[in-house]
Amino acid sequence: MTAIDQSLPVIGGPDLPQVRRLVTEIPGPRSASLLARRSAAVSAGVSGTVPIFAQAAGGGVIVDVDGNSFIDLGSGIAVTTVGNANPEVAARVSEQAARLTHTCFMVVSYDGYVEVCEQLNRLTPGDHEKRSALFNSGAEAVENAVKIARAATKRQAVIVFEHGYHGRTNLTMALTAKDMPYKHSFGPFAPEVYRMPMSYPFRDGDVSGAEMAARATLRIDKEVGADQVAAIIIEPIQGEGGFIVPAPGFLPAIREYASDNGIVFVADEIQTGFCRTGSWFACEHEGIVPDLITTAKGMAGGLPLAAVTGRAELMNAVHPGGLGGTYGGNPVACAAALGAMQSMEEQDLNSRARQIESLMLPRLRALAAADPRIGEIRGRGAMLAMEIVKAGTKDPDSALTSAVAKYCHGHGVVLLTAGTYSNVIRFLPPLTIPDELLTEGLDVVAEAFAAN
Ligand SMILES: *Cc1c(COP(=O)(O)O)cnc(C)c1O
């Protein structure tokens, strides 16, 4: 294809033409020259997935600096759930930025922070008395959940699970299961972290959720001591680990064990929260009420904001001044979050996530039925995945997984992978994506399997 000269969009959002359209090779000349500047200026430790530079995005597309329009099946890793450059988010951000950008909430308060906390307390599972605190990133929220649980229980040990992902800071690297790329060469890691077996139905065979939970809790009893444990931290559906949905009964049994032993049950809903799975929080699918819940990603329409929300008596157990940070709950990020939450409620994005599931699942299952290299289709709502294996086995095929992703990137689809074994293709479309683009995106995925 030849490069054509065209004016690039300066405004994104849902009014961008909702089409897949390639007008240059990938990467195009402008992206290629920016990629060269990128590698001359940016640390090689920060990698990239799709070799393009973004110009504008919205609805279900990302337009690059060469005018190519990509179907977005990644939402910047489950962040732009309400759509990129969402108009409600953009309007509130510019209004707030023109009024005040920062006072530091610990110095001079502002209403946006309080309103985000009120919304979190209202929307998260459970009708008990709650409090929230705001931070900048998911990892920071998880670290603070640990601080709160330790302060409240006067215990130290933290339980996490195989395949879990909780961030890249020192404590959250310790909580995260996977060596490469997250932890490799970065130790030593924080102590008093214990990793337990996770329910992973595709690889556990017929073991029930209750039985897997019993194995984990027996090990906590024998290896750690339940009365030493401050917190159990778990993603109700594991994100980076490969969209692993535990067998029914696993989460409720772990939740019950935590209650029975005075352990703070922390649901890390940073990837699953805010309509992604077809409900406000993924815990709701199994009727779980966490003691603390961590949120970030989808909450603020692309601005950096994270939170810990939970039982008032736990959240208030920390001494005054023990929680905070210079930027935590920045007013512009709070304005974005309030706009994002308004869009979620007004547009009933939980229903939209369930619609996306019913549109995508039959198609993905048909692909899997026709191709023995697709071992399993799983997930909930607009958080779906395929696990890729060598035909006739459960041996992970990471080479095929990256070949499929690469084919999609070269053919106008932004697609992400995941998994401990790097063999999972994950779908995280913005909930504003039109049906036709979803279908077309899956056509390209099918082509990618046919070509590999
Ligand atoms: C992304 C993620 C984190 C870390 O969030 P950052 O904002 O990248 O620090 C923590 N937990 C889960 C489940 C995540 O998906």
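Small disclaimer: the values here were computed from a predicted structure and weren't measured. Remember, it's 1-based here, ligands and their atoms both numbered in the order they're listed.
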inquiry  = If you define the side chain from C-beta out and look only at heavy atoms, does anything of C334 sit under 4.5 Å from E115?
reply    =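 With C-beta onward as the side chain, the pair stays apart.
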task = Could you verify whether a donor N or O on one side chain and an acceptor N or O on the other, from T309 and S132, lie under 3.5 Å apart?
result =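 On atom types as modelled, these side chains qualify, holding a pair under 3.5 Å.
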query = When you check the side-chain N and O atoms of S259 and R255, is any donor under 3.5 Å from an acceptor?
reply =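 Yes, side-chain donor-acceptor contact under 3.5 Å.
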ask   = Are any of the side-chain nitrogens in R352 or E345 under 4.0 Å away from the carboxylate oxygens of its partner?
value =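 Here R352 does not pair with E345 in a salt bridge, since their nearest N and O are not under 4.0 Å apart.
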Provide, to 0.1 Å, the distance between [atom] and the closest protein heavy atom, together with that atom's residue and name.
| atom | answer |
| --- | --- |
| atom 11 (N) of ligand 1 | D268 OD2, 2.7 Å |
| atom 9 (O) of ligand 1 | A139 N, 2.8 Å |
| atom 5 (O) of ligand 1 | G138 CA, 3.2 Å |

Geometric N/O contact A296 with ligand 1, under 3.5 angstrom =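 For ligand 1, there is no N or O atom that lies under 3.5 Å from one belonging to A296.
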inquiry  = Looking at L415, is its backbone amide N or carbonyl O close enough to the side chain of H409 to form a donor-acceptor pair, meaning the two atoms are under 3.5 Å apart?
reply    =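 Pair found, side chain donor or acceptor close to backbone of L415.
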request  = Below 4.0 angstrom from a heavy atom of S137, which ligand 1 atoms are there? Numbered from 1 as shown, please.
outcome  =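 With S137 as reference, the close atoms of ligand 1 come out as 7 (O), 9 (O).
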task = Ignoring hydrogens, just give me the one of E235, E240, K297 whose non-hydrogen atom is nearest atom 13 (C) of ligand 1.
result =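 Looking at heavy atoms only, E235 sits closest to atom 13 (C) of ligand 1.
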